[in-house]
Every structure is written in structure tokens, then in C-alpha cells.
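Report on one structure; see the data block that follows.
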Amino acid sequence: MTSIDRYAVLGHPIKHSKSPRIHKLFAEQTGQALVYEAHEVPAEQFSSAVETFFANGGKGLNCTIPLKELAWAFAEHKTERAQLAKAVNTLALQPDGSILGDNTDGVGLITDLIYNHGIKLAERKVLILGAGGATRGIIKPLFEQSIKSIVIANRTLEKAIDLETEFVNFGPIIGCGFEALNNQQFDLIINATSTSLTGQLPPLPANILAENGVCYDLAYSNCPTPFVRWGQENKALKSLDGFGMLVEQAAEAFFIWRGVRPLTEPVIKLLNDERLN
Ligand code: NDP
């Protein structure tokens with residue numbers, strides 16, 4: 001008897017996750033036979049939920065807020081990018097029965113910026129707002145695009161300084177508080193705080209976006225997030241949300257699991273038509 005390969009996303013909350021839809025579209029497009037579900041799993045039930053999923057024949061999992069650090073600790077083997085991020089969003093069953101942990105957020109962001117939005121990153125001065133798990137996952141991928149420098153501004157100063165110390169060997173990087181941003185200008189400002197999820201905005205000084213600068217909110221919503229609106233009000237060349245990143249990181253996870261790379265453009269277009277119209 002053959003059974004269909006099973007995948008799922010775990011998170012808390014998870015009800016509004018778009019991942020099942022995205023992976024269904026990828027599977028249809030590439031002719032892959034699989035099912036992908038969403039399971040609400042609080043942090044304290046994470047290990048037992050993952051063990052049960054794989055014990056029952058599951059092939060791979062995505063993990064989202066607040067489970068990425070737990071997934072990192074759970075994975076027996078980790079890719080280099082997952083090690084650096086200290087957060088795992090993709091678990092994959094290996095042929096020997098072990099579980100590999102990967103982090104596809106960084107490649108998702110870079111692919112969306114460069115290929116979907118045509119943004120040039122070389123020699124750009126980048127400001128990242130926030131110093132959580134998502135920030136950890138995007139620092140090295142940004143430096144790999146030959147950007148000029150990164151400033152990380154965070155509410156809790158200590159966490160920004162810790163990231164500066166940890167990533168200093170990858171390129172010019174400074175950690176600071178929001179008040180230290182006065183009188184500086186950036187070509188690309190990435191909001192990696194979770195403020196948009198509660199309709200808030202980090203405390204940003206005026207005039208920090210350079211002429212023709214770009215704003216990118218990792219969060220996404222069916223209407224412009226507060227940070228996307230801030231970018232529009234501050235005359236950003238483009239002010240984008242993280243929906244494209246969501247689809248791109250999913251495509252990378254699909255590739256890890258299935259060895260097949262889906263086309264993301266038609267999926268982004270279809271889902272954008274649905275969510276924005
Ligand atoms: P974390 O919880 O790890 O980090 C949250 C960050 O937000 C911290 O730096 C925290 O600061 C900051 N923060 C929270 N509230 C405030 C506030 N009121 N004012 C200022 N700063 C605040 O979250 P993640 O790094 O995992 O995720 C960050 C965002 O990125 C989320 O919106 C998430 O949905 C999004 N994301 C999107 C992805 C996509 O595919 N599009 C992929 C991954 C993440 P402090 O340290 O002081 O607490």
C-alpha cells in the first residue's frame with residue numbers, strides 16, 4: 001500500500017497561515033503528490049507534536065512563531081544558515097531517519113528583493129529594525145549581496161549589540177538603539193520587528209530614508225502595514241511587505257523536501273490578486 005507524503009506547518013496561532021495554500025499550489029504546478037496541513041501547536045507541546053508527526057510517517061515540517069528556536073534545538077543536524085540563524089523554519093526527514101533543520105527565511109528575502117522587485121543591493125547601506133530570529137536569518141544573506149553596511153536598531157539594545165559581536169566577521173555591522181539613528185540615512189530599511197502584527201510602528205526619526213530608498217516590512221497583511229505606510233509617506237521608491245518572502249521561503253522548503261523548484265511568480269500573482277483585491 002502506498003501512502004501520500006505528508007507535510008505540515010506548526011505554529012501558535014496558525015489559523016490564518018497561507019502556507020497550506022502555497023504548498024498546494026506548488027504541488028499542483030509541479031505534479032508532486034503530497035498533502036500539507038496546518039497544526040496549532042503551543043510551545044510546550046512542540047517536541048511531542050514533532051515526534052508524533054515523524055513517527056507517523058510525516059516527511060517534513062515548517063515551523064513558525066513561536067517555534068523556530070525550539071525547532072533549532074530539536075533538529076539533529078543543521079545547515080550552516082540554520083546554525084547562524086539559531087532558528088529553524090524547515091525540518092526535513094533524511095534517508096537515515098534523522099531530522100535536518102534549515103532556515104529558508106534569508107534566501108526568501110533576498111530572492112524577493114532582487115528577482116521579484118528588481119532591487120539592487122550592492123553597496124547599499126541597510127538598516128534592520130529588530131534583533132529577533134528573523135534578523136539573525138537575514139544578516140549573512142544580505143552581506144553575500146555585497147551590501148555596504150548594516151545597522152541593527154533594536155528596542156532592547158543588548159540584543160542589537162550581541163548581533164554586532166556575533167556577525168562582525170561577515171561585514172561592517174553596528175548594533176544600536178532607535179535613538180542613535182538620528183542624522184543617519186539608509187538605502188534600504190527592513191522592518192524585522194513584530195510591531196506590524198499589532199498595528200504599531202518602531203520609533204523612527206524623520207529623514208532616515210535616503211533618496212530612492214526602499215522600505216521592506218517582513219510582516220505582510222491584506223492592507224498596507226504601518227511600516228509600509230511609513231515608507232510611502234517618506235517617499236520610498238518602493239515600500240513592500242513580506243508576502244513575496246513568504247512564498248519564496250516556502251519554495252525553498254519545497255525544494256529541500258521534494259528536490260523540485262516550483263515557479264513562484266504565478267503563485268505570488270494569484271495570491272496577491274486574492275489578498276489585495
Ligand atoms: P521575534 O519575536 O524573534 O523578534 C521580534 C522583534 O521585534 C524583537 O527585536 C523585538 O524587540 C521587536 N519588537 C517587538 N515589539 C516591539 C515594539 N513594540 N517596539 C519595538 N520593537 C519591538 O520575531 P521574528 O524575528 O521571528 O519575526 C519578526 C517579524 O518578521 C514578524 O512580524 C514575522 O511575522 C516576520 N517574518 C516574516 C517572514 C516572511 O516570510 N515574510 C519570515 C520570518 C519572519 P525586543 O528585542 O526589544 O523585544
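Just so it is clear, the model here is predicted, and its values are computed rather than measured. Values below: every heavy atom of this structure, side chains too, minus hydrogens, waters and symmetry copies. Remember, it's 1-based here, ligands and their atoms both numbered in the order they're listed.
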May I ask you to identify the nearest protein heavy atom to [atom], giving residue, atom name and distance to one decimal place in Å?
| atom | result |
| --- | --- |
| atom 48 (O) of ligand 1 | R155 NH2, 2.9 Å |
| atom 2 (O) of ligand 1 | S194 OG, 4.7 Å |
| atom 35 (C) of ligand 1 | L218 CB, 3.8 Å |
| atom 46 (O) of ligand 1 | K159 NZ, 2.7 Å |
| atom 10 (C) of ligand 1 | N154 OD1, 4.0 Å |

For ligand 1, which part of [X] has a heavy atom less than 4.0 Å away: the side chain, the backbone, both, or neither?
| X | answer |
| --- | --- |
| T156 | both |
| L197 | side chain |
| A192 | backbone |

Would [X] count as a contact of ligand 1 if the rule is a heavy atom under 4.0 Å away?
| X | result |
| --- | --- |
| E248 | no |
| S196 | no |
| A131 | yes |

Could you pull out, from T198, T193, D217, the option with a heavy atom nearest to atom 31 (C) of ligand 1?
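Result: the heavy atom closest to atom 31 (C) of ligand 1 is in T193.
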Quick one: which residue pairs count as a salt bridge (charged side-chain N to carboxylate O under 4.0 Å, His left out) with a foot in residues 93-103, not counting sequence neighbours?
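Only R81-D102 qualify under salt bridge (charged side-chain N to carboxylate O under 4.0 Å, His left out).
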Contacting atoms of ligand 1, where contact means under 4.0 angstrom from a heavy atom of [X]:
| X | answer |
| --- | --- |
| G132 | 3 (O), 4 (O), 9 (O), 25 (O) |
| T195 | 16 (C), 17 (C), 18 (N), 19 (N), 20 (C), 22 (C) |
| A134 | 24 (P), 25 (O), 26 (O), 27 (O), 44 (C) |

Show, in sequence, the C-alpha distance, side-chain angles and deciding distance for N62 and Y36, and conclude whether the side chain to side chain contact (heavy atoms under 4.5 Å, CB included) test is met.
CA-CA 10 Å; N62 284 137; Y36 185 110; 2.6 Å; yes
If I take atom CG from residue L127 and atom CG from residue L188, how far apart are they, to the nearest 0.5 angstrom?
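Going from the CG atom of L127 to the CG atom of L188 covers 8.5 Å.
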Give a yes or no on whether a salt bridge exists between R229 and D241, defined as a side-chain N under 4.0 angstrom from a carboxylate O.
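Salt bridge: no.
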Distance-only donor-acceptor hits, side chain of residues 141-159, under 3.5 Å, sequence neighbours excluded:
unit_1	atom_1	unit_2	atom_2	d
E144	OE2	K140	NZ	3.1
N154	OD1	A131	N	3.2
N154	ND2	T156	O	3.1

